[in-house]
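The model shown is predicted, which means the values in this text are computed figures rather than measured ones. Counting starts at 1 for both ligands and their atoms, following the listed order. The figures that follow rest on heavy atoms only: side chains count, while hydrogens, waters and symmetry mates do not.
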Amino acid sequence: MSISIPEITLNDGFSLPVVGLGTYSLRGNAGANAIKQAIDIGYRLIDSAYNYENEGTVGEAIRRSSVPRDQLIITSKLPGRYHSYEKAVLAIQESLYRADLDHYDLYLIHWPNPKQDLYVEAWQALIDAQKWGLIRSIGVSNFLPDHLERLDKETGVMPSVNQIELHPFFNQEQQRKWHEENHIVTESWSPLARAKTIQENETIKKIAEQHNKSVSQIVLRWHYQLGAVSIPKSASPTRQLENISIFDFSLDENEMNMMAELTRPDGRMNNQDPAKYEEF
Ligand SMILES: NC(=O)c1ccc[n+]([C@@H]2O[C@H](COP(=O)([O-])OP(=O)(O)OC[C@H]3O[C@@H](n4cnc5c(N)ncnc54)[C@H](OP(=O)(O)O)[C@@H]3O)[C@@H](O)[C@H]2O)c1
């Protein structure tokens, strides 16, 4: 059984399925099998990163799958230690060699690292790599409006996507609004808040019971109705299927409001505020 996932169009005309597969910690043979199995059941968007050390695993999963390469949307991300223009170009090429691919469909700058202050150079490298055919759509991750504005001002190119921490405990209302006004698609990382305390949340459990769905399905449906692309990670075929089986029901306004009340100003999981936090 394969599920068809709706798509959302980006500001460069490219489109993404509204749910993709997160792959953090999926590595090696088991990881390649888990990703292949996700592709078999309908996932087409796969999220990876240079720093997850699993671009090779993703490439292997693609080769094991019978779905043609041109139907898959493969994402990777540039690490903070390679933001200078020359290093960024080499890292993009290395990312491709690791996966044995000739292009990525979406490539993101992983973190802005504002103290290092080289993200505009990194962005220029992504713009050029796109011109050379190495990347189809270019975006960023963990960028704040100030950082995005600067990219636009200094290069004239606004990212297609910003992948940010987003879950019911940290719903990023203002950042999402800013994205919408500036035609950037929001992609939610840790969309299930890593499926820990959220599974016991009484509000979400109540909504789940009413729809006869799981807590994860309610949360992923909520992302979809916010207009965000989510990338839940699961190694389990049952949970992978559960996470894309969210297109046969909807949350009403009252339920969306109940979900909105769960957010907290300090709701980030590990206090990773992109204005201060840096990752290399
Ligand atoms: N850009 C960034 O800075 C950044 C940061 C963090 C993450 N990411 C990306 O976002 C992806 C998703 O985030 P994440 O992996 O941190 O967290 P997540 O997707 O919110 O949660 C993953 C956890 O939830 C479990 N799970 C998945 N589906 C479930 C279900 N239906 N019921 C119960 N448990 C379920 C998984 O276990 P099982 O595998 O056992 O199902 C795993 O332990 C990552 O894999 C990565 O690709 C990006």
Side-chain angles (χ1 to χ4, degrees), residues 3 16-17 19-27 30-31 33-35 37-38 41 43 45-55 57-58 61 73-80 95 99 104 106-113 119 122 139-144 147 159 161-172 175 185-201 204-205 208 213-223 228-246 267-275 277-280:
I3 291 188
L16 298 183
V19 183
L21 183 75
T23 68
Y24 182 71
S25 81
L26 296 178
R27 296 170 65 195
N33 277 340
I35 297 166
Q37 159 197 286
I41 63 172
Y43 285 80
L45 171 65
I46 311 291
D47 184 72
S48 173
Y50 195 102
N51 274 349
Y52 301 168
E53 306 271 18
N54 71 353
E55 291 162 309
T57 299
V58 169
I73 295 161
I74 310 299
T75 308
S76 195
K77 311 188 194 86
L78 179 76
S95 267
Y104 277 98
L106 179 65
Y107 206 86
L108 313 176
I109 301 177
H110 208 146
W111 285 89
N113 287 7
Y119 61 81
V140 294
S141 179
N142 301 303
F143 273 50
L144 296 173
H147 309 139
V161 167
N162 190 13
Q163 186 184 112
I164 55 173
E165 177 174 357
L166 203 175
H167 43 73
F169 302 141
F170 196 68
N171 78 15
Q172 298 262 27
Q175 176 97 27
V185 164
T186 302
E187 197 177 25
S188 314
W189 64 255
S190 296
L192 299 172
R194 305 210 164 119
K196 291 178 183 157
T197 55
I198 203 165
Q199 296 294 328
E200 303 310 320
N201 184 276
I204 311 179
K205 269 165 72 179
K213 297 284 173 190
S214 70
V215 163
S216 301
Q217 287 172 316
I218 299 300
V219 173
L220 294 168
R221 177 75 202 185
W222 170 81
H223 284 275
V229 171
S230 62
I231 44 167
K233 174 264 168 184
S234 181
S236 135
T238 322
R239 290 190 286 279
Q240 287 171 351
L241 182 61
E242 181 184 324
N243 292 346
I244 53 171
S245 302
I246 59 164
R268 282 192 172 97
M269 287 181 304
N270 293 311
N271 199 23
Q272 292 172 326
D273 176 355
Y277 177 80
E278 297 201 294
E279 200 170 286
F280 294 90

Separation of Gln163 CD from Lys77 NZ (nearest 0.5 Å): 4.5 Å
4.5 Å side-chain heavy-atom contact, Val215 and Asn201: no
Within the 4.0 Å heavy-atom sphere of ligand 1, strictly under, residues: Gly22, Thr23, Tyr24, Asp47, Tyr52, Lys77, His110, Trp111, Ser141, Asn142, Gln163, Trp189, Ser190, Pro191, Leu192, Ala193, Arg194, Ala195, Gln199, Ser216, Ile231, Pro232, Lys233, Ser234, Ala235, Arg239, Glu242, Asn243
Basic-acidic side-chain contact under 4.0 Å: Lys233, Asp47: no
Inter-residue atom distance Tyr52.OH - Arg27.CZ, 0.5 Å rounding: 13.0 Å
Straight-line distance of Leu144 CG to Asp273 CG, nearest 0.5 Å: 6.5 Å
Heavy-atom pair of closest approach, residues Pro237 and Ile41: O-CD1, 4.2 Å
